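Everything on this sheet refers to the single structure shown next.
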Amino acid sequence: MSTEKEESLNFIEEIIEEDLKNKKHEGRIHTRFPPEPNGRLHIGHAKAICLNFEIAKKYGGKTNLRFDDTNPTNEKTEFVDNIKKDIKWLGYNWDDREYYASDYFDTLYDYAKKLISKGLAYVDESTADEISEMKGTPTEPGKNSPYRERTIEENMVDFEKMRNGDYADGAKVLRAKIDMSSPNMHMRDPVIYRIKHEDHHRTADKWCIYPMYDFAHGQSDSIENITHSLCSLEFRHHRPLYDWFIEHLEIFPSRQIEFSRMNVEYMIMSKRKLMKLVENDIVSGWDDPRMSTLSGVRRRGYPPEGIRMLIEKVGLTKRENLIEINLLNACAREVLNKKATRVMVVESPLKLTISNYPEGSSELLKSLNNPEDETMGERDISFGNEIFIEREDFALDPPKKYFRLAPGKTVRLKNAYIITYEDHKTDAEGNVIEVICKYYPETKSGSDNSGIKAKGVLHWVNCADAIPIEIRSYDTLFTDPTPDSHEDKDFLEFVNPDSLVVNTKAMSEPSLKSAGESEHFQFFRKGYYIKDQDSKEGMLVFNRTVTLKDGFNKK
RNA sequence: UGACCCAUGGUGUAAUCGGUAACACUACGGUUUUUGGUAUCGUCAUUCUAGGUUCGAGUCCUAGUGGGUCAACCA
């Protein structure tokens, strides 16, 4: 077969193929994923991770993992470890290429001195407010600092003093000398080094001055010989600065290319806001299954293949976008349908007695683990005269087109027999508490040639060996698709009070006792579930990842 | 009242020297089905607006309109 299907390239692939054609960097492709270890990764980061790793893979290149740890204030080793775990979970490997911007502090310091010696950087002792004031506004040019014309020698001595700890935090900064009237605010003599007498998670107290993002990121790219530095659109205005440093430092010319980040309905991607949800106990932690963090998404049961599929389907452009949460769920269902083990779980049990099945006896029936994948095999499930069915699968007064059990109706019990309603019992308030049916022995699953028809198929569990489980069902964490886009309202006002529903009354077939840590299940006719870390010996807990598509309840 | 970026269905993307709108998800409607799942078939767009160039424009030109981003000693 030919590869006729002409795949269309996204704009970054076009740039790369053009570079390849021109033998730029000898055809070498090297990308990087550069998180700051100050919080957990979220599903928005997944786009950057997939893009960087996939594009390198596609063109035979490499991808570095680099921690952008230039601000010691909120950076922690704990975050480093979690970030690595998340990237691995997503399915990517950086081999031994694990780097830290802090590894380059010495080099960066030398770069700063080089800039000073070229007369392109100066020490400014204005206050932060004064610097901000002199910066002007996007529509008005800024003013030169009174310290701008100090001599190279003065600057060099003073910068060394900064480094030696002679000054207090905030007393002085090092600034690049560019253009205070540039229409690009980032070119108005940006601060490139600040004083912070703070311990760093890796360099401890070695340094008391730390480079700013603009004086660390591009330089780190360059040091690592990164060919294509892919980042999100908000860094667009930093690109001229990125290029300016490379030019004046005369270092390897990495190229920054920006793409639009992914926004997902009902999800929040801001680390600060995510932190607020945790701190205010609105969620149980960074890994709450309703969170957009990768640890939350993982605990919820979304498979990594599904996340990668989502990113692939979302594509890559420079447009603003808002992805429907449904696309994520569709990807999850597609993956899970093929790999989830089918089990029967009754969420809201209603007792059903089979009048003509010998009391006290039982038999073993075969159940396919996954009809989509025969290689997953089958298992035995027990059947007896007393079972539980789903409460909503029985109705005294059924609506039209009700394929379930009701007076006069006949249905099939999945993997078992066809049964017909005979009677029911109610409690004092008139609630149905038990249904009585008769079964047809000749309709046993797999060997039914009775000719008896039953439109509906019900899932069930055997009273004799069913085990109680807890089910946690989730809805969106917010009631508004874009909770943080309202200028007049705080995003917390949109927290969905019904985003978590805990059901401790569910009954499961006993096979769930041996559920694995990352084993996905489909609870028949319900949805996809995964065992939660809160599970205990006598009470297993399951998270609902996503429901099955439901063609009945919608109507 | 600056600079830069973006503009194709409900959503996200495609249409590579201009050649008559494609794919996926959703929604709706069939078929199949021992999951109202899966699978499968079908239906849903005056390409932001107005002019212009051309035999022909989503693609080119002009002028608008709308949206986004930028003024942290954060990244």
Side-chain angles (χ1 to χ4, degrees), chain A residues 6-10 14 34-36 38 68-71 73-75 101 124 127-128 131-133 135-142 169-175 182-186 188 190-196 209-210 212-214 216-217 231 233-240 258 260 262 265 271-272 310 312-331 333-334 337-338 342 344 368 371-372 401-404 411-416 418 443 445-446 448 454-459 522-527 547-555:
Chain A
E6 287 183 28
E7 89 186 288
S8 57
L9 304 176
N10 63 49
E14 276 175 9
E36 183 187 12
N38 68 344
D68 224 337
D69 55 352
T70 57
N71 182 353
T73 308
N74 300 310
E75 294 161 0
D124 195 326
T127 64
I131 287 177
S132 168
E133 182 70 24
K135 209 151 211 168
T137 69
T139 54
E140 291 167 60
D169 287 6
K172 306 196 177 193
V173 292
L174 184 69
R175 291 227 259 168
S182 169
N184 182 342
M185 298 299 288
H186 297 279
R188 322 248 261 226
V191 170
I192 58 177
Y193 259 98
R194 80 287 217 180
I195 301 171
K196 266 191 189 225
I209 58 170
Y210 292 95
M212 298 290 291
Y213 166 84
D214 285 307
H217 198 103
C231 63
L233 242 32
E234 52 266 39
F235 291 98
R236 177 170 38 226
H237 304 289
H238 293 254
R239 178 153 35 94
E258 313 87 15
S260 62
M262 176 177 74
E265 280 180 345
K271 271 186 199 170
R272 219 194 85 249
L310 170 76
E312 190 193 328
K313 291 192 177 191
V314 160
L316 193 75
T317 63
K318 298 171 88 161
R319 289 177 223 155
E320 292 296 317
N321 59 73
L322 212 214
I323 307 302
E324 288 177 342
I325 187 70
N326 190 65
L327 186 61
L328 201 213
N329 291 333
C331 291
R333 287 190 189 107
E334 186 173 336
N337 177 48
K338 298 215 166 50
R342 268 61 169 177
M344 293 202 281
L368 232 38
E372 301 288 320
K401 283 194 161 184
Y402 188 76
F403 307 151
R404 309 176 185 186
V411 298
R412 172 174 286 283
L413 292 173
K414 178 72 185 172
N415 293 133
I418 289 178
T443 60
S445 255
D448 181 358
K455 174 73 176 166
V457 178
L458 271 43
H459 61 282
Q522 185 196 93
F523 291 1
F524 245 93
R525 301 206 297 141
K526 290 294 180 182
T547 62
L548 247 32
K549 271 212 269 186
D550 190 342
F552 175 66
N553 283 335
K554 261 174 206 161
K555 299 190 177 175

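Naming: A, B, ... by sequence-line order, numbering from 1 per chain. From a predicted model like this one, the values you see are computed outputs, not experimental measurements.
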Taking only side-chain N and O atoms of [X], does any of them lie within less than 4.0 angstrom of OP1 or OP2 on [N]?
| X | N | answer |
| --- | --- | --- |
| Ser8(A) | rU16(B) | no |
| Arg404(A) | rG36(B) | no |
| Arg333(A) | rG37(B) | no |
| Arg194(A) | rA75(B) | yes |
| Thr139(A) | rU1(B) | no |
| Arg319(A) | rA7(B) | yes |
| Lys549(A) | rU26(B) | yes |

Report the nucleotide, chosen from rA3(B), rC73(B), rC25(B), that has the shortest atom-to-atom distance to any side-chain atom of Pro183(A). rA3(B)
Measure from the side-chain heavy atoms of Glu372(A) and tell me the nearest of rG36(B), rC74(B), rU38(B). rU38(B)
When you measure only distances, ignoring hydrogens and angles, does the side chain of Glu265(A) come within 3.5 Å of the base of rU11(B) through a donor and an acceptor? no
Report yes if a donor N or O on one partner sits less than 3.5 Å from an acceptor N or O on the other, where the partners are the side chain of Arg412(A) and the base of rU34(B); otherwise report no. yes
Is_stacked (Tyr213(A), rA75(B)) at 5.5 Å, 30 deg: no
